[in-house]
Amino acid sequence: AEAGWLGIAMPERFGGAGLGITEASIMMQAIAESGAGMSGASAVHINIFGLEPLILFGTEEQQQRSIPSIAAGTDKACFAVTEPNVGLNTTQLKVRAERKDGGYLVNGEKIWISTAQVANKMLLLARTTPLDQIKRKTDGLSLFYTDFDRSKIETRLIHKMGRHAVDSNMLFIECSLQPKPLGLAALPSRRPPNMPRSASSSIAPSARTRASSIRWPNAGHNWRRRT
C-alpha cells in the first residue's frame, strides 16, 4: 500500500496511480518472477483487481467511500462468487438477496472464497431474481459491496496442500444489507463501451515490457504514469 501497488489500476482522484489492468498485470508478473511465484501474486491480487467493477460501474458516491481505503490498504476485501455444486457456472448461482425493509436479506453458501479470514469488506455476487423468472441466463444477478459482518457470516477455513499465502474458505451467510454508507453498492451487469472484450494483451506482454516490469519496483516503487 505504501508503495502504491494496491492502487495501480485505481483512479488518481481516489489515491491510485491512474494506470490500467495491463500495467497491473505487468506488476503482478514482476511479483511472481521475484521468486514469490503465484502465491506471492495472489496474496495481493484481490485488492488490486477486485474492485474494478466498482471503478467501471459505480457511482461517484459509491467510489468515494469505497476505493480510497482499499488503495490505502486500510480495508481488505474478499470476492464471494463461487458456490457448492455450481463451480464456474456463474449463471447458476443460487445465493439469494431478497428485498426486505428497504434493504436486502441475503441467505446462502459460498465456497473457495480467498482472504475471508482477514477481510473486513466483501464483494458479493448474489441472485436478486429467481432462475425461473429470468429471460436470459445472465439476468438476475447483482453485485454488492458491503461490510464483512462476522456476527452474521460464518467463515470456515478450508485446509489445503498448497497456496498457503492465501486462505480459502466456506461462507455461510445470513445477513441484512442496508443501502447506507459503507453498506451496499448494487452494480449493473452491462459492460461499458470502453471495456475491452479480451484481456489477452494484459497477460502476454512483450519481452521488452516484461523486462521493464522487473526493474520498476527498484525505481522508488513509483507505479504512477510516466510522461
Side-chain angles (χ1 to χ4, degrees), residues 6-7 9-11 14 16 20-21 24 45-71 75-84 86-100 102-116 119-131 133-149 152-153 155 169-197 199:
L6 296 181
M10 299 177 183
F14 300 132
I21 298 302
H45 85 273
I46 181 59
N47 291 303
I48 293 174
F49 300 108
L51 262 67
E52 193 67 16
L54 193 56
I55 295 171
L56 291 171
F57 298 109
T59 66
E60 181 71 18
E61 187 271 337
Q62 290 170 340
Q63 294 171 352
Q64 284 283 0
R65 60 183 167 88
S66 304
I67 297 174
S69 55
I70 289 289
D75 280 343
K76 297 179 178 65
C78 65
F79 204 164
V81 177
T82 49
E83 298 178 6
V86 175
L88 296 178
N89 191 3
T90 306
T91 60
Q92 297 299 304
L93 293 180
K94 296 178 176 59
V95 168
R96 286 295 313 276
E98 300 182 75
R99 285 190 178 274
K100 186 176 181 180
Y104 290 84
L105 182 63
V106 181
N107 284 283
E109 302 175 12
K110 295 288 185 177
I111 196 168
W112 293 113
I113 308 306
S114 299
T115 71
N120 66 315
K121 298 290 181 181
M122 175 175 63
L123 275 163
L124 171 68
L125 189 61
R127 180 161 297 286
T128 46
T129 305
L131 279 167
Q133 297 179 21
I134 60 175
K135 296 181 179 180
R136 299 180 304 171
K137 63 181 182 179
T138 54
D139 289 342
L141 294 172
S142 296
L143 184 63
F144 301 91
Y145 185 65
T146 186
D147 294 330
F148 196 102
D149 187 346
K152 299 177 181 178
I153 303 173
T155 306
N169 304 272
M170 295 181 287
L171 304 183
F172 299 87
I173 306 170
E174 185 175 352
C175 64
S176 177
L177 305 180
Q178 297 295 328
K180 60 184 180 181
L182 298 181
L184 170 68
L187 310 178
S189 59
R190 187 172 62 85
R191 182 175 58 88
N194 61 341
M195 182 178 179
R197 292 182 179 273

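Remember, predicted model here, so these are calculated numbers, not experimental data. When a residue number appears, it is its place in the shown sequence, counting from 1.
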State whether the side chain of [X] and the backbone N or O of [Y] hold a donor-acceptor pair below 3.5 Å, judged by distance alone.
| X | Y | value |
| --- | --- | --- |
| R127 | T91 | yes |
| N169 | I113 | yes |
| S69 | S66 | yes |
| K94 | Q92 | yes |

Can you sort out the partners of [X] under side-chain contact (heavy atoms from CB on, under 4.5 Å), two or more places apart, ordered by chain and number?
| X | answer |
| --- | --- |
| E109 | P84, F172 |
| Q133 | T129, P130 |
| I46 | F79, T115 |
| L125 | V81, T90, L93, L141, L143 |

Would you please name every residue forming a side chain to side chain donor-acceptor pair (under 3.5 Å) with [X], sequence neighbours left out?
| X | result |
| --- | --- |
| T155 | none |
| Q64 | E60 |
| T128 | S142 |
| N107 | none |

Taking all heavy atoms of [X] and all of [Y], pick out the closest pair and write down the distance.
| X | Y | value |
| --- | --- | --- |
| A77 | L51 | CB-CD1, 4.3 Å |
| M10 | N47 | CE-O, 3.3 Å |
| G50 | L123 | O-CD1, 2.8 Å |
| V106 | A97 | CG2-CB, 4.0 Å |
| K152 | C175 | CB-CB, 3.6 Å |
| A119 | C78 | CB-N, 3.8 Å |

[atom1]-[atom2] distance between [X] and [Y], expressed to the nearest 0.5 angstrom:
| X | Y | atom1 | atom2 | answer |
| --- | --- | --- | --- | --- |
| E83 | W112 | CD | CH2 | 15.5 Å |
| D149 | I173 | CG | CD1 | 11.0 Å |
| Y104 | T146 | OH | OG1 | 12.5 Å |
| I55 | I70 | CD1 | CD1 | 10.0 Å |
| I153 | M122 | CD1 | CE | 3.5 Å |
| Q63 | L56 | CD | CG | 9.0 Å |

4.5 Å side-chain heavy-atom contact, [X] and [Y]:
| X | Y | answer |
| --- | --- | --- |
| L124 | K110 | yes |
| D147 | N120 | no |
| Y145 | Q62 | no |

